[in-house]
There are 2 protein chains.
Amino acid sequence: MILDSETKATEHSEDHGDELRLWLRLLTCTNLIEGEVRRRLRERFDVTLPRFDLMAQLDKAPDGMTLSDISKRMMVSNGNVTGLVERLVESGHLDRRTSETDRRVQVIRLTRAGRAEFRKMAAEHELWIANIFADLSAKDVQDLMRLLGKTKLSARNATQQKA
Amino acid sequence: MILDSETKATEHSEDHGDELRLWLRLLTCTNLIEGEVRRRLRERFDVTLPRFDLMAQLDKAPDGMTLSDISKRMMVSNGNVTGLVERLVESGHLDRRTSETDRRVQVIRLTRAGRAEFRKMAAEHELWIANIFADLSAKDVQDLMRLLGKTKLSARNATQQKA
DNA sequence: TGTCGTTATTTTACGCATTAAACAATCCGG
DNA sequence: CCGGATTGTTTAATGCGTAAAATAACGACA
C-alpha cells in the first residue's frame, strides 16, 4: 500500500462517516437482539447464551465432541470451554468421559435430560427470533441476507492479511 | 394474543428458518468485525474496546460526565463503569473529581493526554472500519443502513412489550 | 527404549459484564 | 428541622472471555 503524496492527500480528506455510522447501527442492532435473547433465555429457562450455544453444538453431534472440537466450532478459547462444560456437567445437562483410545481427550455429550431441555429451548428461541424480525418483509430478509453476506466477505478480505 | 385452534395450527407449522439464518449471519458479521477491531486496538494501542468506547463518550463531552451519564450512554451497568473509570484514571487517561454542588456525584473528564491519545486512536479506527466495508458500494451501504434501521424498529417493537 | 516434538486440556491472572445489596448524600413534605 | 424516599455510587458474588504458562499423553524416530 504505497501512495504518492497527492493520492495520500486525497485519501486523507476522504469521508468515512457513512461506513462508521453503518458499523454503529449494525452493532446496535445485534446488541439489541442479543440482549433480548439473553434476557429471555435467563427468564424462561434460567440459562445463559453461551450455555445455550454450547448445547446447540452438541445437539448436532449425537456421538459427542471433544473440547477442542467445541472450542473451534464456537470460536472461543479452550480454557473458556473447560469452564462452561464444567458447569453444565454439574447441572446434569452434559456428560463427560475420557476417550477410550486417547486418554488426553475428553468426549462431551448431552445427557438425555440435557437434550430434552435444549430442544424445548430451541423451539421457543426460533419463535422469538421470528417475532423480532416480524416487521421485515420476505424481500427485506432476502436483501439483508445478501448484503450481510457481502459484508462478511468484505470484512474477511480486510481481516485476513495475505502474506 | 389469542388464536383459535385453526390459526394456531397454522402458526405452529410456519417455517422460521429464514429469520433464524438471518440472525446467525448478522451475529457472525458483527462478531467478525468486532473481534478485528478489538484485536487492532489491543495491538496498536494496547487498549480494550470498552475503554475506547468510554473515551469516545467523554470526548464528546468537554465538561465531563457523571458516572450515571456514562452508564446510560454506554448502556451498561453502573458497577461496570466504576471499574472501567478506575483503571483509566490509574493509567492517566481520565480525571475524576467530586462535584462541588453535590457530593454524591463524580465528574469524569478526559485528561489532556487521554484526549490526545483518543483522537489518535479514533482516526485510525475510522480507517479500519472504512477498510472493512470497502467491498460494499455506496448503494449497498445505503441499503444496509435502511434495512438495519427497519430491523432495529422491528426488534424494539418485539422487545418493549407494551403494558 | 528413551527423548523430543506435538496435541489436548487445565490452570492462572486478568478484564469486562451482570444483578443485588449496601452505602451515602440529597430532597422534600409535614 | 427531621425522617423517609430518591438518587448516585460502590461493593460482592458470579459468569464469561482472553492469553499464556503448565501439565499430561501421544507418536515417532535414533
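No hydrogens, no waters, no symmetry mates; every other heavy atom, side chains included, goes into these values. So you know, we letter chains A, B, ... as the sequences are listed, proteins then strands, and number each from 1.
- One interatomic measurement links the two molecules: CD1 of B:Ile70 to P of C:dA17, which rounds to 13 Å at whole-angstrom precision.
- Electrostatic pairing of A:Asp18 and A:Arg21 counts as a salt bridge here, judged by a charged N lying under 4.0 Å from a carboxylate O.
- Looking at heavy-atom distances under 4.0 Å, A:Ser77 makes contact with a base.
- If you measure from atom CG of A:Asn78 to atom P of D:dT18, you get 10 Å, rounded to the nearest angstrom.
- When rounded to the nearest whole Å, the span between CD of A:Glu34 and P of C:dA17 equals 12 Å.
- Atom CD in A:Gln106 sits about 13 Å away from atom C1' in D:dT23, given to the nearest Å.
- Side-chain nitrogen and oxygen atoms of A:Thr82 include none within less than 4.0 Å of the OP1 or OP2 phosphate oxygen of C:dT11.
- Distance CD (A:Glu36) to C1' (C:dT18): 16 Å, rounded to an integer number of Å.
- Between the side chains of B:Ser99 and B:Thr101, at least one donor N or O sits under 3.5 Å from an acceptor N or O.
- A:Asn78 and A:Ser71 share a side-chain donor-acceptor pair at under 3.5 Å.
- Nucleotides of DNA chain D nearest to A:Val76 and B:Gly79 differ in position, and the one nearer the 5' end is that of B:Gly79.
- B:Asn31 and B:Thr28 form no side-chain donor-acceptor contact under 3.5 Å, judged by distance and modelled atom types alone.
- For B:Arg109, the CZ atom is densely surrounded, since the number of other residues' heavy atoms within 6.0 Å is greater than 12.
- Per the geometry, NZ belonging to A:Lys72 stands 9 Å off C1' belonging to C:dA8, to the nearest Å.
- Residues from residues 88-100 of chain A lying near DNA chain D, meaning a heavy-atom separation below 4.0 Å, are absent.
- A salt bridge does not link A:Asp53 with A:Arg51: every distance from a Lys NZ or Arg NE/NH1/NH2 to an Asp or Glu carboxylate oxygen is 4.0 Å or more.
- Rounded to an integer number of Å, the gap from B:Leu67 CG to C:dA17 C1' is 16 Å.
- Hydrophobic clustering, with ILVMFWY side chains joined whenever heavy atoms are under 4.5 angstrom apart, groups A:Leu49 together with B:Leu20.
- Annotation: ring-ring contact (aromatic ring centres under 6.0 Å, His included) contacts involving residues 43-72 of chain B, sequence neighbours excluded, comprise B:Phe52-B:Phe118, B:Phe52-B:His125.
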What N/O pairs connect the protein and nucleotides 21-23 of chain C at under 3.5 Å? Give each pair on its own line.
none

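- Between B:Arg42 atom CZ and D:dA19 atom P there is a gap of 7 Å when expressed in whole angstrom units.
- Salt-bridge check for B:Arg38 with B:Glu34: passed, with a basic side-chain N closer than 4.0 Å to an acidic carboxylate O.
- Among B:Ile132, B:Leu136, B:Ile33, the single residue meeting the side-chain contact (heavy atoms from CB on, under 4.5 Å) criterion with A:Ser154 is B:Leu136.
- Residues B:Ile108 and B:Leu88 form no side-chain contact, since every pair of their non-hydrogen atoms from C-beta on lies 4.5 Å or further apart.
- Side-chain proximity of B:Asn80 to the nucleotides C:dA17, C:dT19, D:dT9 is greatest for C:dA17.
- Applying the 4.0 Å criterion to OP1 and OP2 of C:dT9, one finds that A:Ser68 has a side-chain N or O inside that range.
- Sorted pairs that involve residues 54-77 of chain B and meet ring-ring contact (aromatic ring centres under 6.0 Å, His included), not counting sequence neighbours, are lacking altogether.
- Between B:Gln57 and B:Ile70 there is no side-chain heavy-atom pair separated by less than 4.5 Å.
- Taken residue by residue, residues 44-65 of chain A places heavy atoms nearer than 4.0 Å to DNA chain D at A:Thr48, A:Pro50, A:Arg51.
- Here the side chain of A:Asp140 pairs a donor or acceptor atom with the backbone of A:Ser137 at under 3.5 angstrom.
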Inset, instruction - Summarise protein proximity over nucleotides 24-29 of chain D in one line of letters, 5' to 3': B for base, S for sugar-phosphate only, - for none, counting protein heavy atoms closer than 4.0 Å. - result: -BS---
